[in-house]
Participant: 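Below are the structure tokens for one structure; questions will follow.
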Number of protein chains: 2
Amino acid sequence: MGRPLRMRRQATLASLAAELGVSRTTVSNAYNRPDQLSPELRRRVLETARRLGYPGPDPVARSLRTRKAGAVGLLLTENLSYAFRDPAAIGVLEGLALACEDAGVGLHLVPASPGRDDVAAVHRAGVDGFVVYSVPDDDPHLAAVLARPVPTVIIDQPQIEGIDRVGPDDAAAITKLAEHLVGLGHRQVGVLCMRLGRDRNDDFVSLERQRAAHFHVQRNRLEALATAFTKAGVDWATVPVVERFDHTVDEGAFGARQLLSTYPQVTAVICTSDILALGALAEAERRGLRVPADLTVTGFDGIAEAERIGLTTVHQPVLEKGRAAGKLLLSAADHINPQVITLPTDLRLGTTSAPPRTMEEHWFGP
Amino acid sequence: MGRPLRMRRQATLASLAAELGVSRTTVSNAYNRPDQLSPELRRRVLETARRLGYPGPDPVARSLRTRKAGAVGLLLTENLSYAFRDPAAIGVLEGLALACEDAGVGLHLVPASPGRDDVAAVHRAGVDGFVVYSVPDDDPHLAAVLARPVPTVIIDQPQIEGIDRVGPDDAAAITKLAEHLVGLGHRQVGVLCMRLGRDRNDDFVSLERQRAAHFHVQRNRLEALATAFTKAGVDWATVPVVERFDHTVDEGAFGARQLLSTYPQVTAVICTSDILALGALAEAERRGLRVPADLTVTGFDGIAEAERIGLTTVHQPVLEKGRAAGKLLLSAADHINPQVITLPTDLRLGTTSAPPRTMEEHWFGP
DNA sequence: ATGAAAGCGCTAACAT
DNA sequence: ATGTTAGCGCTTTCAT
């Protein structure tokens, strides 16, 4: 630490009181309720505190007594590195941090390694509530959070009966995107989605796995896509869906490669995130496919880079999502009847979507 | 919260013990030392706990008793939004979070609004130590941190006698950059730097203000630049230095505009961060100046975008910086004799630096 | 393998 | 304006 002084943890509120010949209440008041004692006495207390090296009331003891930790916990099981590399996740984090700052409470990042199911960290966190961000419904950390007697707000997923939730209407949002593609004439589409469960499956996804996905956001989006394309006369069972465990641009590219190698007739690759879409675009380029002339690619989230390159995507207000979750948790809201806050989304048509090649030829010649 | 059950905070370790007709020790052991009691009894304890809705030992009470909070505090006074928008800061945060995760301790972001000097949040934080990231030497939050009887590690700035610190050798790093520019022939340079104090001064900087800068990193970099250019025969007093309070690309552009409007003869703009340099590049384009033919621009940090566009800059390992700080804080290291960890830096020559126009003409004709 | 005793350091009624 | 009384809920020697 540096100054040797700070090491010897000695002076307590009680010892200070003794030294001064006053009661502990008075010393406590000197710190917490300056108006409860004469300025003169307060000055003496603080002065003596300095002399004795008393650092002020111990925060943990105070928390025990007041039953208030002054912090909210944040649980995000996803490997931290991905969280800090995904602009959408960073936006959520920022919004949440802002809400906490506004309220003057700390934001406690719970160490939840995805590998080892070390739930102890959840038990150890001295917080007044939790925000859970985008975890699978069978996450043991989540179970531990819900077992604690504090309010909890979930962002995005999972959707749990009776628990506050903040997120977009994924189904409605992606339905608009699907209708856009259907309108353009796409019937042979492929999907590239994020992980559907805690088990790694970097491969095509069966209908059964789609239906039973533990990540509700992905499940809802796939379901909505299925509904929309079925309505357009497409047999969803024939639509290839590729899953990627790691959420990176590179994995997006690999996923697209897998998809396009096996199904070269696909005219549009629908990605459930912009990050994956960025990878799909890279793969398209690698294969010499022009976008959107030869291939349509779409994303989801509306991150800055997507906007910059003109990706057709669904934009969602990530910062607001984090902020709304923080506010909801910290609000006096009786968390008795659970709230669900639905955020607006916005279909952003970019330059990566166009009619499929065959249609184009049909209209304009080869 | 949802389940009404979780609201009634009732069952405690003591009440559980009473219900079971065993001692509190036994219940405690059931949770913390499974090997200290018969499996059968333990099963009964846990089972009864579930029945009574006892959520397990209260983390705050446990912390008070064990004198361990299981978390480290992070103080970064800079407006949160800037922290989450600067890739360099995000890298530090990620590294620190990783170190915490490895150690199984939480990372507690202390709410420290730059405006109001609300130091209370520092007092309230139940943490075992603090990491302070890049604050001015007169920051009241920092003072509050140092007053607490826990170890502290500072990243980058300020440099305080007797306190552990992790950071690059800013002076050495930027000296190499300066020598590169001098070698190219630049003698008429201008500097664009980040804020030098807590007061806003979006303007040219006097020598006095440079010298007295409260942000040590900026001070050190300016000082090193002064030394290097003086050695090359430049009178540092004639070198324009523009300061920017907000650390954004836009402000970088404004700063460059201010600089180039008043000193159009400048052949190189040295920016003390990549973000500012990105802005300077935008401004150069706006003015129709070709880079590097008409103007040289350099940065500092080595963020991904800088690398992508080929900015000449100094790269520093930001993730490692954060991780090293976390490890140092959490290590058994007797923080009695303070440590200073210096990280390596790396001059990355890009395509934004070249000999000044006049020299080029001298050599190759106009 | 289990229990009894002794606080950890503080705040909040409720007096005076 | 200041003091008295009572814990907050838990862990940890030290016994048994």
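First the proteins, then the strands, lettered A, B, ... as listed; each starts at 1.
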Participant: Please check the phosphate of D:dT11 (OP1 and OP2 only) for any side-chain N or O of B:Arg67 closer than 4.0 Å.
Facilitator: no
Participant: Should we count CZ of B:Arg42 as having more than 12 external heavy atoms under 6.0 Å?
Facilitator: yes
Participant: Search all heavy atoms of A:Val166 against all heavy atoms of A:Lys321 and return the closest pair with its distance.
Facilitator: CG1-O, 3.7 Å
Participant: Verify whether one side chain among B:Glu94 and A:Ser81 offers a donor that lies under 3.5 Å from an acceptor in the other.
Facilitator: yes
Participant: Take the protein atom OH of B:Tyr31 and the nucleotide atom P of D:dG9, then report the distance between them rounded to whole Å.
Facilitator: 15 Å
Participant: Looking only at side-chain N and O atoms, does A:Arg62 offer a donor or acceptor that is under 3.5 Å from a partner on A:Asn32?
Facilitator: yes
Participant: B:Leu37 has an atom CG; how far is it from atom C1' of C:dG3, in whole Å?
Facilitator: 13 Å
Participant: Is it the case that over 12 heavy atoms from other parts of the model lie below 6.0 angstrom from the CZ atom of A:Arg195?
Facilitator: yes
Participant: Of all heavy-atom pairs between A:Asp164 and A:Thr152, which one has the smallest distance, and what is that distance?
Facilitator: CB-O, 3.8 Å
Participant: Heavy atoms under 4.0 Å, any strand shown: does B:Val60 hit a base, just sugar-phosphate, or nothing?
Facilitator: nothing
Participant: Between A:Ser38 and D:dT2, is there a contact of a side-chain N or O with OP1 or OP2 at under 4.0 Å?
Facilitator: yes
Participant: Reckon B:Tyr54 has a side-chain N or O less than 4.0 Å from the OP1 or OP2 of D:dC10?
Facilitator: yes
Participant: Between B:Gln36 (CD) and D:dC14 (P), how many Å, whole number?
Facilitator: 15 Å
Participant: Taking 4.0 Å as the cut-off, does a side-chain nitrogen or oxygen of A:Thr12 come that near to OP1 or OP2 on C:dG9?
Facilitator: no
Participant: Using a heavy-atom cut-off of 4.0 Å across all strands, would you classify A:Leu64 as base, sugar-phosphate, or nothing?
Facilitator: base
Participant: Between A:His216 and A:Gln159 (side chain of the first, backbone of the second, donor and acceptor by atom type, cut-off under 3.5 Å), is there such a pair?
Facilitator: yes
Participant: Rounded to whole Å, please give me the gap between CZ in B:Arg42 and C1' in C:dT2.
Facilitator: 16 Å
Participant: Rounded off to whole Å, could you give me the CZ-to-P distance for the B:Arg124 and C:dC10 pair?
Facilitator: 15 Å
Participant: Can you check each nucleotide of nucleotides 11-16 of chain C against protein heavy atoms at under 4.0 Å and return B for base, S for sugar-phosphate only, - for none, in 5' to 3' order?
Facilitator: BB----
